[in-house]
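Atoms within a ligand are numbered from 1 in the order they appear, just like the ligands themselves. Given the structure is predicted, the values throughout are model-derived calculations rather than measurements.
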Amino acid sequence: MGIGKIGVVGAGTMGNGISQAFAVAGREVVMMDVGEAQVQRGIDTISTSLDRLVKKEKMSADQKSAAMAHITTATSLAALADCDLVIEAASENVNLKLKIFAELDELTKPDTILASNTSSISITRLAAGTKRPGQVIGMHFFNPVPLMALVELINGLQTSAATYTAVEKLAKSIGKAPIKVKNSPGFVVNRMLCPMINEAVFALGEGLATAAEIDEAMKLGCNHPIGPLALCDLIGLDVELAVMQVLYEGTKDPKYRPAPLLVEMLEAGYLGRKSGKGFFEYPAK
Ligand code: NAD
């Protein structure tokens with residue numbers, strides 16, 4: 001039983017990236033968000049991203065049109081009823097995700113697999129809120145999805161072997177490199193990456209160096225392709241904070257306490273690239 005039609009909940013940074021990756025690989029995708037404006041922003045982002053590939057001659061204009069034609073949009077979860085797999089990529093909020101999973105559980109086909117792209121929330125917990133816990137799995141993609149090969153596949157305690165195998169096969173079929181990860185706070189990559197970024201924010205807050213100098217230090221001293229603060233802007237300061245809170249709450253280990261400056265920047269509304277300002281500025285083009 002193969003996976004055909006794919007639903008994506010959320011048309012933000014990750015939702016539109018996931019939709020693009022599947023559509024380019026020739027899969028039918030329904031991309032859903034709460035309103036027309038959010039969905040349109042997602043479609044515009046995909047179109048601009050594919051235009052760049054056409055310009056670089058990595059894709060023809062016809063291939064772009066074909067990929068765009070594979071994506072339909074929706075503003076209600078009901079539009080995902082006949083999907084074989086739904087990947088939830090809505091905002092990182094446990095109550096929001098539990099509500100979405102409960103609704104998807106009610107309205108999708110009995111054999112639909114429900115996946116979450118959550119960076120940090122327990123898959124076991126999301127699965128327990130449904131009547132199909134064996135068909136719930138974590139599919140944690142990396143940003144920007146079209147470029148990043150890794151996808152962490154997270155089995156909850158209840159996830160069936162058949163669900164894992166189907167999703168692993170699908171991920172490989174679109175050129176991704178899946179790794180199997182135990183369900184635990186932050187999984188593997190964020191468990192290491194987010195504390196490193198958080199430490200960079202501590203260093204900035206303590207005045208050790210400027211944001212540009214901290215990033216330059218990690219690029220030149222550790223050969224990182226992007227500095228931790230620019231990476232935080234790319235990920236989103238809200239997402240970084242949410243991961244740190246889950247690591248902290250999940251382990252009660254003070255080494256995971258969020259940097260005060262990170263919290264304060266969010267209070268100011270600085271979300272990173274998506275709001276035009278984070279540790280660096282991103283003027284609208
Ligand atoms: P984002 O803020 O860019 O997008 C979230 C989208 O979800 C928004 O468009 C919002 O309108 C939508 N949304 C909110 N409530 C919804 C609902 N009820 N139904 C449908 N859509 C709804 O966030 P993002 O960075 O794309 O993150 C999405 C998920 O992916 C989060 O769980 C996050 O932890 C995870 N993630 C993020 C990254 C990253 O680098 N940003 C990487 C891996 C995983």
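The shortest separation from a heavy atom of G236 to ligand 1 is not under 4.0 Å, leaving the residue out of contact. Ligand 1 lies less than 4.0 angstrom from a heavy atom belonging to K97.
Looking at every heavy atom in both residues, M139 comes nearest to V151 through C-CG2, 4.1 Å. The two residues S173 and R27 have their closest heavy-atom pair at OG-NH2, 3.1 Å.
Remark: K176 is not positioned above the aromatic ring of F141, lacking an NZ or CZ atom under 6.0 angstrom from the ring centre and at most 45 degrees off the axis.
Counting only non-hydrogen atoms, the option in G12, G272, A90 that gets closest to atom 29 (C) of ligand 1 is A90.
Every N/O-N/O distance between Q38 and ligand 1 stays at or above 3.5 Å. Considering backbone and side-chain N/O atoms, S119 comes within less than 3.5 Å of an N/O atom of ligand 1. At under 3.5 Å, a nitrogen or oxygen of N143, whether backbone or side chain, sits near a nitrogen or oxygen of ligand 1. Ligand 1 has no nitrogen or oxygen under 3.5 angstrom from a nitrogen or oxygen of V239. The N/O atoms of I235, backbone and side chain alike, include one that comes under 3.5 Å of an N/O atom in ligand 1. On a distance-only criterion, E88 and ligand 1 share no N/O pair closer than 3.5 Å.
With a heavy-atom cut-off of 4.0 Å, D238 does not touch ligand 1 at all. Within the 4.0 Å heavy-atom criterion, neither part of F142 lies near ligand 1. Looking at L234 against ligand 1, nothing comes within 4.0 Å, counting heavy atoms. Counting heavy atoms under 4.0 Å from ligand 1, residue H140 touches it through the side chain alone.
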Would Q135 and T112 count as a side-chain hydrogen bond (donor to acceptor under 3.5 Å, both in side chains) here? Give the steps. CA-CA 7 Å; Q135 288 157 242; T112 301; over 6 Å; no
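S160 and T163 share a side-chain donor-acceptor pair at under 3.5 Å. S91 and K97 share no donor-acceptor pair across their side chains, judged by distance under 3.5 Å alone. A donor atom on one side chain and an acceptor atom on the other are not found under 3.5 Å apart for T13 and R273.
The E92 neighbourhood of ligand 1 comprises atoms 31 (C), 32 (O), 33 (C), 34 (O), with distances under 4.0 Å to a heavy atom of that residue. Within the listing of ligand 1, atoms 3 (O), 25 (O), 26 (O) sit less than 4.0 angstrom from a heavy atom of T13. Near M32, meaning under 4.0 Å from one of its heavy atoms, ligand 1 places the atoms 19 (N), 20 (C). Applying the 4.0 Å criterion to heavy atoms of V9 picks out, from ligand 1, the atoms 19 (N), 20 (C). Proximity to T118 (heavy-atom distance under 4.0 Å) selects the following atoms of ligand 1: 32 (O).
Between Q20 and the choices L50, V8, I71, V145, the side-chain contact (heavy atoms from CB on, under 4.5 Å) rule is met once, by L50. Considering N155, T159, N183 in turn, N183 is the only one that fulfils the side-chain hydrogen bond (donor to acceptor under 3.5 Å, both in side chains) rule with T124.
In this structure, the side chains of K5 and D82 come closer than 4.5 Å at one or more pairs of heavy atoms.
Salt bridge absent: E168 and K180 never bring a charged side-chain N and a carboxylate O closer than 4.0 Å.
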